[in-house]
Trainee: 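I have a structure here, written as structure tokens, and I will follow up with some questions on it.
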2 protein chains.
Amino acid sequence: MTAPEPAAPPRRGRGRPGHDQAAVLRTAVALFNRRGYDATSIGDLAAELGVTKSAIYHHFASKEDLLRLALDDALDELTAVVSAAVSDADGASARDRLREVLRRSVEVLAAHQPAVTLLLRVRGNTPTEVEAVKRRRWLDDQLAGLVRDAAAEGALRDDISPDLVSRLLFGMVNSLVEWYRPEGAHDAATVADAIASIAFDGLVRR
Amino acid sequence: MTAPEPAAPPRRGRGRPGHDQAAVLRTAVALFNRRGYDATSIGDLAAELGVTKSAIYHHFASKEDLLRLALDDALDELTAVVSAAVSDADGASARDRLREVLRRSVEVLAAHQPAVTLLLRVRGNTPTEVEAVKRRRWLDDQLAGLVRDAAAEGALRDDISPDLVSRLLFGMVNSLVEWYRPEGAHDAATVADAIASIAFDGLVRR
DNA sequence: CCTACCGATCGGTAGG
DNA sequence: CCTACCGATCGGTAGG
């Protein structure tokens, strides 16, 4: 269990050496994921960075502000991917767009793992969380629609309800946040292929 | 968003009417899942039950005790299922035992959804959580071994690493805790069949 | 002697 | 970016 690197304060020749907003946010998200948002105090975050609580409040208006920025990062990326997939601008079949959104979701998840992890753990306890949950639900609904379209095309077996398929498929994708690490054994493309492969063709040797 | 039923205190003719240990634990687990363990105070739990904090401490030694009992419930059930699957006492193939453990895991998850949800969210911040994480890891290792055995039998396609298969497969199963509800549209058997079906044969119509 | 509590308060720590 | 604080609430325990 190594601490997230406090990222040695860069010197830029002007002002105090210190952490910028992005560096504070990165450390905050890592702590939120390690201990939970509620269990992480601003004091914990300050100690991790080697500054005082007030230094944090120099960069962010509130603890919830840190959470909101991190959640927006994940949501904006996922929204872009899903929006592109549901609009059949290029005339691709729903089946092909589904396969593509699986692949691109895995890539977003790999590239923004900490923020997406935080997003998937949000329960809706504050207005910020409620808003994030709403946006997540919109994404889920779009994806469910895409699976229904693929089913309507006749591309999918018809003995499993499209809604169940969509929950299980994106449940498999989302479970990546529990173990995927950029420096790990599997790169994002391998994982994306494996998921699409298992989902469409199954595990059984033919 | 409905509150977990405080389960009207039963009268048993002796002593005060009140909540028994199991009823307090059920309500605690529901609250822990709704707001997070750390964000839930014993005062919150007491208020939910309509009693005082002291009444909680009559039944449980500490807040962590509540967590431990809930986690043990989930872990004991899952351990039983996994232990049965990895011992090939009946001489079944690894492939068949894998399919069976998928099915039975879903059943445990459906029957003990609140406790399993709590288990999957544990991060290892206290000795109780570290112990639970250790037991979870043991389960994951056993399941990974079973997938490797099925691969060694030649039952699975060989272009995806068994470890990746096992992570994705049980990631899909575990994602149930995010949406499965006993009163929902899909019963446990349907979900179990859907997962085994997708995993082994894939989504594509043949 | 049991189960199931109450009203009040302890020493510490939270976010801001 | 610090020291010095606030209003409130935390998990846990006392006697009855």
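Please read these numbers as outputs of a predicted model, since none were measured by experiment. Note: hydrogens, waters and symmetry copies are ignored here, and every other heavy atom, side chains too, is used.
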Trainee: Going by modelled atom types, is there a donor-acceptor pair between the base of dT13(D) and the side chain of Ser54(B) at under 3.5 Å?
Mentor: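 In this structure, the two groups form a donor-acceptor pair.
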
Trainee: Show each protein N/O and nucleotides 8-11 of chain D N/O combination with a separation under 3.5 Å, one pair to a line.
Mentor:
unit_1	atom_1	unit_2	atom_2	d
dC10(D)	OP1	Ser41(B)	OG	3.3
dG11(D)	OP1	Thr40(B)	O	3.2
dG11(D)	OP1	Lys63(B)	NZ	2.8
dG11(D)	OP2	Ile42(B)	N	3.0
dG11(D)	N7	Lys53(B)	NZ	3.0
dG11(D)	O6	Lys53(B)	NZ	3.0

Trainee: Under a 4.0 Å threshold between the charged nitrogen and the carboxylate oxygen, would Arg137(B) count as salt-bridged to Asp140(B)?
Mentor: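 Looking at Asp140(B) and Arg137(B), the cut-off is not met.
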
Trainee: For side-chain contact (heavy atoms from CB on, under 4.5 Å), just list the numbers for Lys63(A) and Ile56(A), CA-CA rounded to whole Å, side-chain angles, deciding distance to a tenth of an Å, and then say yes or no.
Mentor: CA-CA 9 Å; Lys63(A) 188 186 176 191; Ile56(A) 310 295; over 6 Å; no

Trainee: Would you kindly give the CZ-to-P distance between Phe60(B) and dA4(C), to the nearest whole Å?
Mentor: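 Result: 11 Å.
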
Trainee: With P as the reference atom in both, quote the distance from dG12(D) to dA8(C) in angstrom, rounded to an integer.
Mentor: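 It works out to 22 Å between them.
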
Trainee: Taking the P atom in each of dA4(C) and dG16(D), what is the distance between them to the nearest angstrom?
Mentor: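 Nearest-Å result for dA4(C) against dG16(D) at atom P: 23 Å.
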
Trainee: Starting at CD1 of Ile56(A) and ending at C1' of dT3(D), how long is that distance when rounded to a whole Å?
Mentor: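 The distance from CD1 of Ile56(A) to C1' of dT3(D) comes to 16 Å, rounded to the nearest Å.
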
Trainee: Within a strict 4.5 Å, meaning less than it, do heavy atoms of the Gln113(B) and Asn33(B) side chains meet?
Mentor: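 The answer is no; the side chains never approach within 4.5 Å.
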
Trainee: Could you tell me whether Arg97(A) and Glu100(A) have a side-chain N and a carboxylate O separated by less than 4.0 Å?
Mentor: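 Looking at Arg97(A) and Glu100(A), the cut-off is not met.
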
Trainee: May I ask you to say whether Asp76(B) pairs ionically with Arg135(B), meaning some side-chain N is under 4.0 Å from a carboxylate O?
Mentor: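 Yes, Asp76(B) and Arg135(B) are salt-bridged.
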
Trainee: Could you tell me how far apart Leu49(B) (CG) and dT3(C) (P) are, to the nearest whole angstrom?
Mentor: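 To the nearest whole Å, that distance equals 19 Å.
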
Trainee: Round to the nearest Å and state the distance from His59(A) atom NE2 to dG15(C) atom P.
Mentor: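 Value for this atom pair: 18 Å.
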
Trainee: Looking at Asp163(B) and Arg148(B), does any basic side-chain N land under 4.0 Å from a carboxylate oxygen?
Mentor: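 Counted as a salt bridge, because a side-chain N and a carboxylate O are separated by less than 4.0 Å.
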
Trainee: If you only use heavy atoms from C-beta on, which nucleotide in dC2(D), dT3(C), dC1(D) is closest to the side chain of His58(A)?
Mentor: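 Nearest to the side-chain atoms of His58(A), counting from C-beta on, is dC1(D).
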
